[in-house]
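In what follows, a single structure is set out as structure tokens and then discussed.
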Amino acid sequence: MSEKDLLAHVPTGLFIGGKWRPTASTIDVLDPSTGVVLASIADASAADATAALDAAVAVQDDWAATAPRVRSDILRKAFDLLQERRDEFALLMTLEMGKPLAESNGEVTYGGEFLRWFSEEAVRITGRYGVNPEGTGRMIVSQHPVGPCYLITPWNFPLAMATRKIAPALAAGCTVVIKPASLTPLTTLYFAKLLDDAGLPAGVVNVLTTSSSSAVTEPLLHDSRLRKLSFTGSTPVGQKLIQQSATNVLRTSMELGGNAPFVVFDDADLDAAVDGAIAAKFRNIGQACTAANRFIVHASVVDEFARRVTERVKGFGIGRGTEEGVTIGPLIDDRAVAKAGKLVDDAVSKGATLLTGGAPVDRDGTFFAPTVLTDVQPGSDILREEIFGPVLAIVPFTDEADAVRLANDTEYGLVSYVFTKDLARGQRMIDKLQTGMMGLNVGVISNAAAPFGGVKQSGIGREGGFEGIHEYLSTKYTMTPVP
């Protein structure tokens, strides 16, 4: 399907109660590789948000009472349809977000797995039954849908972030209002169309696109009918949403910022470490919360590691994600380019050595050259802030205690990466590194069957895995007399 034909098939309205609704005002969605408008979509108001929640509330009881096998079959049908339309979704993500087509295809695979995984989990929601310790009664522990949910997704993984939240909610028996990021809303709109085609009843999933997140979010969080909020995004926004959620004591799941350490010990397989570094840093153009942010490399191998990484980075192809041979697409917007440049300039001014890149690319779109810095000094902003761009910053260390100190020297704790051949050291790192996830001798860790989430200011709760569906379930204990 051509770009023009695909965009013509993407709905542009709000999806509320199973129907597409236009709005008086619209939002332009841009191709970051060219700055050209891809589509103009609906811009929701507070009234639209209330209408979406109305629709979700109206069918909540019916969806909760729907047989788990039926919910499972709808999710499995959605998975099958996504495989049939994978080329369309991959192209759409590349158009609105900028990543190379190969990576967009990878996201279709990854995002689809949440549909398949939670289609299987829908029929495995269980409780327990037993005699209480005193022998005076029977205890029944059962699981129930938490109720209508509000899901807020980021712009960097438009499909996977939607499926990672929608799939467990539907599997648990919850209805949904989802608000995709205004920078990349087209994939979610197209996915809502797919869910409709899969037979999802009207009102179970409702989609709000808006230029003002607060205009639709605040009224929803203050509506007592909403029972759950799931958010992926920055820590400052997440903190504000947690405060707003306190009014109605909402269940919250927060997947927030990261500052991932990538630790390379002196005994590491350097070939594997370099491969892992390229994957952990430059996947999604560095625009991932799981992206390695600080490369903490033993002093005895730091020069060789930097040389090998730089050689690889200099060979990257830069361009529009639809072009052959492209490794690095555009950053999402001008602000992202400016941030990357500012962080690099600050690091260099404080003593870092620039090995390659370091500046915007002189062409249409929002491109920043893939960059390698070494000898990054303490106090550099790049060691404190989430880069969210194709910039690899290297810091040397001398011993294991030093590595652990540097790795944990952050308020964030989403993911860490460690490369070592020493099994005992790897086990110690599992215990000592303060993160919710860890890659041991691997540079990509995300998997639908694994619990995704962080500690400290990187979040609350888990998505994916057996744990993911429990974020959308409430536990009820019932006491009955001895029969």
Side-chain angles (χ1 to χ4, degrees), residues 1-16 19-23 25-44 48 52 78 81-82 84-101 103-108 110-112 115 151-166 176-198 200 205-213 216 232-233 284-285 287 320-322 329-333 336 365-366:
M1 185 181 294
S2 70
E3 294 179 17
K4 182 178 179 181
D5 288 343
L6 173 59
L7 291 169
H9 281 81
V10 177
T12 57
L14 308 177
F15 191 56
I16 298 177
K19 298 185 182 299
W20 296 99
R21 299 187 184 184
T23 57
S25 60
T26 59
I27 310 164
D28 287 340
V29 181
L30 306 181
D31 178 344
S33 69
T34 63
V36 171
V37 175
L38 295 171
S40 296
I41 63 167
D43 190 1
D48 295 317
L81 287 176
L82 182 61
E84 294 174 14
R85 303 174 189 178
R86 64 179 302 118
D87 290 344
E88 298 165 26
F89 276 92
L91 177 57
L92 188 57
M93 281 189 283
T94 290
L95 292 178
E96 67 173 343
M97 187 267 159
K99 70 185 75 183
L101 266 176
E103 291 195 21
S104 292
N105 269 293
E107 183 172 344
V108 174
Y110 176 50
L115 299 172
L151 315 178
I152 304 175
T153 56
W155 52 263
N156 55 338
F157 290 95
L159 178 66
M161 298 301 96
T163 59
R164 195 162 79 181
K165 295 181 187 297
I166 289 175
V176 163
V177 176
I178 184 168
K179 187 196 77 64
S182 60
L183 291 169
T184 59
L186 302 182
T187 301
T188 302
L189 293 170
Y190 205 42
F191 182 63
K193 183 177 184 293
L194 181 149
L195 289 174
D196 194 35
D197 293 342
L200 188 70
V205 169
N206 306 274
V207 183
L208 295 172
T209 53
T210 181
S211 61
S212 175
S213 295
V216 300
T232 297
N284 217 50
I285 323 163
Q287 298 173 124
R320 193 169 191 250
T322 55
L331 294 182
I332 191 62
D333 58 17
T366 48

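This is a predicted model, so every value here is computed, not measured. Count residues from 1 along the sequence.
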Distance-minimising heavy-atom pair for T210 and A44
OG1-O, 3.1 Å

Does the side chain of I166 reach to within under 4.5 Å of the side chain of L195, using non-hydrogen atoms?
yes

Of all the heavy-atom pairs spanning K165 and I152, show the shortest one and how long it is.
CE-O, 3.5 Å

Compare all side-chain heavy atoms of L14 with those of T209 and state whether any distance is below 4.5 angstrom.
yes

Decide yes or no for I332 and T366: does some side-chain heavy atom of the first lie under 4.5 Å from some side-chain heavy atom of the second?
no

Could you tell me whether a side-chain N or O of T184 sits under 3.5 Å from a main-chain N or O of W155, the two making a donor and an acceptor?
yes

For the residue pair I16 and L208, establish whether any side-chain heavy-atom pair is separated by less than 4.5 Å.
yes

Would you compute the distance between atom OG1 of T187 and atom CG of L159 and round it to the nearest 0.5 angstrom?
7.0 Å

For side-chain contact (heavy atoms from CB on, under 4.5 Å), just list the numbers for I27 and I41, CA-CA rounded to whole Å, side-chain angles, deciding distance to a tenth of an Å, and then say yes or no.
CA-CA 5 Å; I27 310 164; I41 63 167; 4.0 Å; yes

State the CG-CG distance between N156 and L331, to the nearest 0.5 angstrom.
12.0 Å

So F191 and F89, would you call those rings parallel, tilted or perpendicular, with 30° and 60° as cut-offs?
perpendicular

Could you pull out the closest heavy-atom pair between L30 and P32, with the gap in Å?
O-CD, 3.3 Å

Shortest non-hydrogen separation from A90 to S104 and the atoms involved:
O-CB, 3.3 Å

Gap separating the CD atom of Q287 from the CE atom of M97, nearest 0.5 angstrom:
4.5 Å

Given E3 and R320, is the salt bridge (Lys or Arg N to Asp or Glu O under 4.0 Å) satisfied, shown in steps?
CA-CA 13 Å; E3 294 179 17; R320 193 169 191 250; 2.9 Å; yes

Test side-chain contact (heavy atoms from CB on, under 4.5 Å) on Y110 and R164 and set out the steps.
CA-CA 9 Å; Y110 176 50; R164 195 162 79 181; 3.3 Å; yes

Hey, are the side chains of M161 and P180 touching, using non-hydrogen atoms and a 4.5 Å cut-off?
no

Hey, mind stepping through D43 and T26 against side chain to side chain donor-acceptor pair (under 3.5 Å) and telling me if it holds?
CA-CA 5 Å; D43 190 1; T26 59; over 6 Å; no

Within the 4.5 Å heavy-atom criterion, are R85 and D197 side-chain neighbours or not?
yes

In a check of side chain to side chain contact (heavy atoms under 4.5 Å, CB included) between L92 and each of L38, L186, V108, D87, which one passes?
L186

Check: N206 side chain, V176 main-chain N or O, donor-acceptor pair, under 3.5 Å
yes

Please report the closest heavy-atom contact between A162 and P158, naming both atoms and the distance.
CB-O, 3.7 Å

Donor + acceptor pair across side chains of S213, K179 (<3.5 Å):
yes

Do S33 and P330 make a side-chain contact, defined as non-hydrogen atoms from C-beta onward lying under 4.5 Å apart?
yes

Quick one: are E107 and K99 in side-chain contact, heavy atoms under 4.5 Å?
yes

